Every structure is written in C-alpha cells, then in structure tokens.
Amino acid sequence: TYVVRVTDSYGCTASDDIKVYVSNIILDAGPDINTCYGNNVTLTGNVTGGYSPYSFTWTPGGQTTNSIIVSPPVTTSYTVTVKDIANCSKTDGIKVNVSNPVISHITDNTIICYGDNINLSVNVTGGVLPYSYSWTPGGYTTSSINVSPLSDTKYYVSITDAYGCTVKDSVMIKVSERKISQTEEV
C-alpha cells in the first residue's frame, strides 16, 4: 500500500492510498499430445495466480475459452494466451502430433493351385515407426508372410504404429483344386 500526501501553498493537506497488486500468472497448456488422424483432442490452458476473471485466446483458431476441442489433419502447434483483470498476460504452447498410417500396397487377391504357397506382403506409409503387424488367420507378426492355404482363405492384416493408430486391410486367396488328367496314374 502506498500513501500519497499533498500539501498546497496554503498548508492544506490531503492524502490517499493505493494498493498495488502484483499479478503472477502461471499458465500450463500441458505436454504435447500424440494422436491419430481424425481423433478429437481437448486442449486446456490451466491457470494459477493472477486475478480472475481471465480471458483466453487460442491460435490457430481464435477460440476464447480455457478448453478447446481440435482435430487437426496434420501435426499442429497451438498457443494459448491468458490475460487477467490486471491486464497481465502469459502464453504457453502445445503441439498435437498427428499420425496417419496408410497401406500403400498389399498383395492382390490371387488364385493359387492346391498345395502351392504364396507370399503375402503389406507396405505402410505415414504413421510413426515402429509398426506392429497382426495377420489372421495364423497370428503372424511381420509385414510379409508365406502361406499355403488348403482352401479359399481371406487373410486380414492390422498394422499399428507407435502412437497406437491402426489401419487394416485384407487379401483373398482362392485355392484351385488340382485336377488329375487321364494320362496320370493314380
């Protein structure tokens, strides 16, 4: 508290006091977030200190609440600025890392002869390494597998990246029965 006293040339005095508040805003937008393409993410500017009410501004987007929901199509950095009633402000940032794995190639649907084997493979682009693979039936866990189905079989593959983002596809292998010609001995 500061006190001001004024005395004029006639000896008259007046005084007034003023309180000075020190605003110490602390703003935390939290740690960076890893997410999958198409997911909604909630971002929150957590404030302590300073003097409420607070006003918020997020960029990009221009939202003016402490929490916002975003679904960026690519990795995007956001900043939030908070201002208190004393017009003091703080800014913090948060990055939303977006993963979007895509199957760029999978073996075409194929017909094989009974007893033959075939190599099935899948290639993935995008996403965040490492990838994990799961083929069914069979439980294989690599990007390329060698199979010898005895009947028509549809193979499903699920690929998950380091952020937990999953992409799936399938391939149909038809098995042609071998026909015995009349010249063959049985």
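Reckoned from all heavy atoms, side chains included, excluding hydrogens, waters and symmetry mates. The shown structure was predicted, so the numbers you read here are calculated from the model rather than taken from an experiment.
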Contact summary for Tyr155 and Pro149, nearest pair of heavy atoms
OH-CB, 3.5 Å
Distance, nearest 0.5 Å, that separates OG1 of Thr48 from CG of Asn46:
8.5 Å
Derivation and outcome, side chain to side chain donor-acceptor pair (under 3.5 Å), residues Thr166 and Thr160
CA-CA 4 Å; Thr166 300; Thr160 304; 3.1 Å; yes
Across all chains, not counting sequence neighbours, the side chain to side chain contact (heavy atoms under 4.5 Å, CB included) partners of Thr64 are none
What one should report as the nearest heavy-atom pair of Ser15 and Arg5 is CB-CG, 3.6 Å
Asp169 and side chain to side chain contact (heavy atoms under 4.5 Å, CB included): which partner among Val122, Ile159, Val124, Ile106?
Ile106
What do the steps show when you test Asn146 against Ile118 for side-chain contact (heavy atoms from CB on, under 4.5 Å), and what is the final call?
CA-CA 6 Å; Asn146 198 312; Ile118 185 169; 5.9 Å; no
Side chains of residues 89-100: which donor-acceptor pairs under 3.5 Å do they make with residues two or more places apart or in other chains?
residue	atom	partner	partner atom	Å
Thr91	OG1	Thr81	OG1	2.9
Asp92	OD2	Ala29	N	2.8
Asn97	ND2	Asn34	OD1	2.9
Ser99	OG	Asp161	OD2	2.2

Show which side-chain atoms of residues 52-62 pair as donor or acceptor with protein atoms under 3.5 Å away, not counting sequence neighbours.
residue	atom	partner	partner atom	Å
Tyr54	OH	Gly49	O	2.5
Trp58	NE1	Thr65	O	2.8
Thr59	OG1	Thr79	OG1	2.5

With Ser67 via side-chain hydrogen bond (donor to acceptor under 3.5 Å, both in side chains) - residues at least two apart:
Thr44
Inspect the surroundings of CD1 in Ile111 and state if more than 12 heavy atoms from other residues, nucleotides or ligands are less than 6.0 Å away.
no
Residues at least two apart in sequence or cross-chain that pass side-chain hydrogen bond (donor to acceptor under 3.5 Å, both in side chains) with Thr142, listed by chain then number, are none
For Asp17, the side chain to side chain contact (heavy atoms under 4.5 Å, CB included) test, sequence neighbours excluded, returns Thr1, Val3
Please evaluate residues Val4 and Ile18 with respect to the criterion side-chain contact (heavy atoms from CB on, under 4.5 Å), reporting the C-alpha separation (whole Å), side-chain torsions for both, the decisive distance (0.1 Å), and the verdict.
CA-CA 8 Å; Val4 175; Ile18 185 170; 5.5 Å; no
How far apart are the C-alpha atoms of Leu120 and Tyr140, what are their side-chain angles, what is the distance that settles it, and do they pass the side-chain contact (heavy atoms from CB on, under 4.5 Å) test?
CA-CA 11 Å; Leu120 306 179; Tyr140 304 102; over 6 Å; no
Pairs in or reaching into residues 58-107: which pass disulfide bond (SG atoms under 2.5 Å apart), with residues at least two apart or in two chains?
none
For residues Lys154 and Ser170, report the shortest heavy-atom separation together with the two atoms involved.
CE-OG, 3.2 Å
All side chain to side chain contact (heavy atoms under 4.5 Å, CB included) counterparts of Asn109, not counting sequence neighbours
Val171, Met172
Heavy-atom pair of closest approach, residues Tyr37 and Pro73:
CD1-O, 3.4 Å
Would you please name every residue forming a side chain to side chain contact (heavy atoms under 4.5 Å, CB included) with Leu150, sequence neighbours left out?
Tyr114
Quick check: are there more than 12 heavy atoms from other residues, nucleotides or ligands sitting under 6.0 Å from CG of Leu129?
yes
Which atom of Tyr131 lies closest to which atom of Thr125, heavy atoms considered:
OH-C, 3.9 Å
What residues form a side-chain hydrogen bond (donor to acceptor under 3.5 Å, both in side chains) with Asp108, not counting sequence neighbours?
none
Close side-chain approach of Tyr133 to Ser158, heavy-atom, < 4.5 Å:
no
Say whether, by atom type as modelled, one donor and one acceptor occur between the side chain of Asn117 and the main chain of Ser148 under 3.5 angstrom.
no
Is there a donor-acceptor pair under 3.5 Å between the side chain of Ser71 and the backbone N or O of Asn39?
yes
Pairs where residues 29-73 contributes a residue and the test disulfide bond (SG atoms under 2.5 Å apart) is met, not counting sequence neighbours
Cys36-Cys165
Minimum heavy-atom distance Thr153-Pro137, with the two atoms named:
CG2-CG, 3.9 Å
With Leu43, which of Val80, Ile69, Val70, Asn66 fulfils side chain to side chain contact (heavy atoms under 4.5 Å, CB included)?
Val70
With sequence neighbours excluded, tell me which residues meet side-chain hydrogen bond (donor to acceptor under 3.5 Å, both in side chains) with Thr107.
none
